[in-house]
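Chain A is the first sequence line, chain B the second, and so forth, proteins listed ahead of strands; every chain is numbered from 1.
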There are 2 protein chains.
Amino acid sequence: MKKDTKLSAALHIILHMAEVDGPMTSDRLARAMRTNPVVVRRMMAGLRERGFVTSEKGHGGGWKLNCDLKTTSLGDIYSALGSPDCIALTHRDENTSCLVELAVNVALKSAFEEAEALLFARFDEVMLADLSDDFHTRFAALKQGGTPHDESKSVS
Amino acid sequence: MKKDTKLSAALHIILHMAEVDGPMTSDRLARAMRTNPVVVRRMMAGLRERGFVTSEKGHGGGWKLNCDLKTTSLGDIYSALGSPDCIALTHRDENTSCLVELAVNVALKSAFEEAEALLFARFDEVMLADLSDDFHTRFAALKQGGTPHDESKSVS
DNA sequence: TTTCATGTAATATTAAAAGTTACATGAAAA
DNA sequence: TTTTCATGTAACTTTTAATATTACATGAAA
């Protein structure tokens, strides 16, 4: 299976929007993410339905953040993206008549569910503001340290 | 991505072998699993390398269990299968120069690793004998209850 | 009325797992 | 010794789900 990257992409986009005044177009976001504007729109559609972002057509249009970073969690975003499957293992036959396979399924299912629950709990704990703060800390450290990276490279 | 079913399949096969005297051929196992004998061999190769099963060519050949169900864990089997990736999410760019993306990656990575660690811990806790016991309990209950399923259907 | 931007359906590409084919190796049976 | 049976494995095909692309509709501002 190809792994899902929507959560990673959505968070990246949200934090970029948080750093910018005014709307960002799908084209601009897609270039920053090295992907396609339609992919951006498709992904953002879920966030718009939940009210985390808004969009405007036409000149001066684009996407704007519409949520409080302090109270919006990674879990909120993950859920808005449709909660893509996060466990890459499964059993072959969900409704088996083989008692051996049933015993295997039961054991694996409970392990998968526990791991998934832990992941969701972590997602719920971490707020967008935590990520934003982490970025600002790194950015300040970079400027203080006087490393040779220019700012534009460090935020897009 | 297509989800991985090797752990489920391997456990199913192992528990079936535990119920049978003498070797099982890949063909027979493949029919029971509704898959292909080559797929069975490929999967079993990992188990053979770790000594959990043995194989013999020619007449009367096939696969035999060669491990103690009480001391062999799901984790041992998972590892013998090559520890296939169990988290279906990832980030887009592992080595990014964007500090925003870096902050996202760090947060997600730690969440993924915690969930994976929990899954592995569960795998290590559960022994093959636990699954076998569960099967035998279900099988005994089925016979006692006098339900209309025949035995052959209930174990293959 | 033209340009810009989103909205979305339809289609194509890609990556990873599973399945298949083909043939080599070796052991037991005839 | 020759045939049959079974594993061993490389090469290739199929399948599935995510991602990417194309095409066109909608609507807002210049």
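Taking 3.5 Å as the limit, the base of C/dA17 and the side chain of B/R42 contain no donor-acceptor pair of atoms between them.
For B/M33 and C/dG19, the CE to P distance is 9 Å, given to the nearest whole Å. Remark: C1' of C/dA5 and CG of A/L29 are 12 Å apart, rounded to the nearest angstrom. Atom CG in A/L47 sits roughly 14 Å away from atom P in C/dT6 (whole-Å rounding). Between A/R34 atom CZ and D/dA20 atom P there is a gap of 12 Å when expressed in whole angstrom units. Atom C1' of nucleotide C/dT6 and atom CH2 of A/W63 are separated by 7 Å, given to the nearest angstrom. Taking atom CE of residue B/M44 and atom P of nucleotide D/dT9, one finds them 14 Å apart after rounding to whole Å. Between the CE atom of B/M43 and the P atom of D/dT9 there is a distance of 15 Å, rounded to whole Å. Atom CD in B/E49 sits about 12 Å away from atom C1' in D/dT9, given to the nearest Å.
Between A/S110 and B/R122, the side chains place no donor N or O within less than 3.5 Å of an acceptor N or O (distance only, hydrogens not considered). For the 3.5 Å distance criterion, the side chains of B/W63 and B/S26 qualify, holding a donor opposite an acceptor. With hydrogens and angles left out, the side-chain atoms of A/S73 and A/D76 include a donor and acceptor closer than 3.5 Å. Checked by atom type, the side-chain pair A/S79/A/R50 shows a donor-acceptor distance below 3.5 Å.
Contact annotation: A/K3 does not reach the phosphate of D/dA18 (side-chain N/O to OP1 or OP2, under 4.0 Å). Dashed line: the shortest gap from a side-chain N or O of A/S26 to OP1 or OP2 of C/dA5 is not under 4.0 Å. Between B/T25 and D/dC5 there is no side-chain polar atom (N or O) within less than 4.0 angstrom of OP1 or OP2. Proximity of A/T35 to the phosphate of D/dA20: a side-chain N or O atom is located under 4.0 Å from OP1 or OP2.
Side-chain N or O atoms of B/T72 include one that pairs as donor or acceptor with a backbone N or O of B/D68 at under 3.5 Å.
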Letter per nucleotide, 5' to 3', of nucleotides 21-30 of chain C [B base touched, S only sugar-phosphate touched, - untouched; heavy atoms, 4.0 Å]: B---BBBBS-
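For A/R48, the listed nucleotide lying nearest its side chain is C/dT6; candidates were C/dT6, D/dT21, D/dA18. Listed nucleotides: C/dA17, D/dG8, D/dT19. Nearest to the side chain of A/T5: D/dT19.
In this structure, A/D27 and B/P37 both approach DNA chain C, and ranking their closest nucleotides by distance from the 5' end singles out A/D27. Both A/P84 and B/G62 lie close to DNA chain D; mapped to their nearest nucleotides by heavy-atom distance, the more 5′-ward contact belongs to B/G62.
Counting non-hydrogen atoms under 4.0 angstrom, A/R92 reaches the backbone sugars and phosphates but no base.
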Pairing pattern in dot-bracket form [Watson-Crick, G-U; both distances under 3.5 Å; | = partner strand] for DNA chain D: ||||||||||||||||||||||||||||||
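Remark: A/R42 pairs with no residue by the side chain to side chain donor-acceptor pair (under 3.5 Å) rule, at least two apart or across chains.
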